[in-house]
Amino acid sequence: MNIRRSAAALAAVAAVIGAPASAVAATPSPSASTAPARPAGLYGSTDPTYDGVWRQSLALLAQHTVGVRPAAQAVSWLAGQQCANGAFAAYRAEPSAACDDRTAVDTNSTAAAVQALAALGGHEAATGKAVTWLKSVQNEDGGWGYTPGDPSDANSTSLVVGALAAVGEKPDAVVKDGTSPYDALLAFALPCSGDDGGAFAYQPDKKGTLTANADATAAAVVAALGQGLAAEAGTGPASTTCSGSGTATPARAAANGAAYLARAVAATGHLTSALPGADDQPDYGNTADAVVALAAQGGPEAARTPLRWLEEHAAAWAEKSGPAAWAQLVFAAHATGTDPRDFGGVDLVAELDATGPAPAATGPSGAPGTTDGDGGDGHTTAWIAGGVGAVVVVGGALLAARRRTGRQP
């Protein structure tokens with residue numbers, strides 16, 4: 001979920017290593033001396049220009065997942081970022097100003113916001129408008145790109161699948177020219193031949209070649225199972241072997257994608273991030289996303305190896321990266337049934353809560369918060385997912401690159 005979610009445009013290269021998307025993804029933008037003051041209610045202290053909506057959505061969703069009812073101002077901040085047409089941009093410094101053709105709305109921010117607001121409850125009008133907008137920018141192949149008109153990619157498509165499911169839509173029934181989001185995802189799946197068999201590509205290259213991408217794979221596995229960012233543990237088969245027999249289906253593609261991830265983390269317990277000119281290093285964010293994907297497919301035991309690695313090594317990364325990173329670890333704990341208040345000795349909930357305004361209420365670990373009618377930020381049970389990952393921002397531009405060689409929010 002780290003930036004797997006493909007494409008969610010989130011953040012800073014340094015902090016992002018290991019961390020739209022898709023959102024998507026999940027690391028904050030780099031701090032700058034000219035960074036604006038943090039708006040009231042926003043989680044994180046770094047410049048929100050490229051990931052404000054993303055990190056806020058993940059933070060609120062993660063809090064809901066563990067029984068924390070966010071502060072009303074935090075929920076209001078997110079809801080207030082929406083444009084009149086239903087879409088969300090990565091961040092709008094002046095939300096009172098109307099959006100126009102120059103407003104850089106994107107599918108990753110929108111899909112993440114839908115998942116968070118749907119889980120919190122009381123925002124049906126907002127999520128309905130957002131989903132209507134997402135449907136209006138669906139590509140002919142059934143998928144979505146980061147921005148309207150972009151070629152479909154696995155991360156963005158997966159995030160939107162999670163949003164559709166969060167509001168009760170059946171993703172396979174959301175079709176464009178006869179093709180559904182699942183058709184788009186299956187087109188990104190690599191055949192079982194070769195070492196990368198079963199993986200998903202971020203998107204085909206200019207020659208139509210598919211290259212395995214761990215970030216895209218984690219996102220697509222969860223989406224193919226009909227889930228989103230806060231995925232629940234599954235009971236499907238867990239294997240390291242790709243099965244190429246039979247008709248291609250979302251279920252089989254999910255199992256094969258999980259098999260690829262299991263092979264990828266078997267030796268070290270983590271995925272690796274490789275950036276041009278830099279030494280390879282652990283990719284914390286995508287590893288967290290892989291834990292969610294493995295558990296969503298085969299249950300907690302299937303994710304045991306990377307989960308243990310995260311418990312031992314990820315706290316320092318999350319401390320540096322901010323609320324979206326803490327949220328990713330909460331999702332990993334949730335999917336595996338691990339206590340988020342004792343994750344390798346770290347209280348993930350307290351760390352996440354500390355990055356924003358004091359919560360309105362805190363319930364038992366793992367239990368959704370309760371509603372008390374305070375302005376429509378109550379909670380209803382809902383799952384969401386996607387993956388999320390780190391988006392590299394260069395010169396203020398969004399470079400989606402996650403493990404990508406794809407990108408992630």
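Excluded from the calculations below are hydrogen atoms, water molecules and symmetry mates; all remaining heavy atoms, backbone and side chain alike, are included. Index from 1, following the sequence.
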With a 4.5 Å cut-off on side-chain heavy atoms, are [Y] and [X] touching?
X      : Y      : value
Pro181 : Val160 : no
Asp347 : Asp342 : no
Thr355 : Trp326 : yes
Ser152 : Phe188 : yes
Tyr146 : Asn108 : yes
Val137 : Thr107 : yes
Leu225 : Gln297 : yes
Glu301 : Thr336 : no

For [Y], does its backbone N or O pair with a side-chain atom of [X] as donor and acceptor, under 3.5 Å?
X      : Y      : value
Trp144 : Leu134 : yes
Gln82  : Ala126 : yes
Arg55  : Tyr43  : yes
Asp205 : Gly208 : yes
Ser180 : Val174 : no
Asp196 : Ala199 : no
Asn139 : Asp150 : yes
Gln56  : Ala74  : yes
His64  : Leu60  : no
Ser76  : Gln73  : no

Show me, pair by pair, the donor-acceptor contacts under 3.5 angstrom made by side chains of residues 256-266, not counting sequence neighbours?
{"unit_1": "Asn256", "atom_1": "OD1", "unit_2": "Ser243", "atom_2": "N", "d": "2.8"}
{"unit_1": "Asn256", "atom_1": "ND2", "unit_2": "Ser243", "atom_2": "O", "d": "3.0"}
{"unit_1": "Arg263", "atom_1": "NH1", "unit_2": "Thr240", "atom_2": "O", "d": "2.9"}
{"unit_1": "Arg263", "atom_1": "NH2", "unit_2": "Asp195", "atom_2": "O", "d": "3.2"}
{"unit_1": "Arg263", "atom_1": "NH2", "unit_2": "Gly197", "atom_2": "O", "d": "2.7"}

query: So among Val330, Leu307, Val349, which one has a side-chain contact (heavy atoms from CB on, under 4.5 Å) with Phe343?
result: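 Single pass found, and it is Leu307.
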
query: Under 30°, 30 to 60°, or over 60°: which ring-plane class applies to Trp317 and Tyr284, parallel, tilted or perpendicular?
result: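 Judged by the thresholds at 30° and 60°, the geometry between Trp317 and Tyr284 is parallel.
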
Nearest-0.5 Å distance that lies between atom [atom1] in [X] and atom [atom2] in [Y]:
X      : Y      : atom1 : atom2 : answer
Thr338 : Arg308 : OG1   : CZ    : 6.0 Å
Arg252 : Cys192 : CZ    : SG    : 6.5 Å
Phe88  : Lys129 : CZ    : NZ    : 9.5 Å

field: Where Asp183 and Thr179 come nearest, the two heavy atoms and their spacing
entry: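 So the two residues come closest at OD2-CA, 3.4 Å.
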
- prompt: Taking all atoms of both residues into account, what is the closest heavy-atom pair of Leu185 and Ala224, and its distance?
  reply: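 Closest heavy-atom pair between Leu185 and Ala224: CD1-N, 4.3 Å.
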
field: Chi angles and distances behind the side-chain contact (heavy atoms from CB on, under 4.5 Å) call for Asp353, Gln63
entry: CA-CA 8 Å; Asp353 290 351; Gln63 287 181 315; 2.8 Å; yes

- prompt: Any chance CG of Asp279 has more than 12 other-residue heavy atoms, nucleotides or ligands included, within less than 6.0 Å?
  reply: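 No, CG of Asp279 has 12 or fewer neighbouring heavy atoms, counting only those of other groups under 6.0 Å.
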
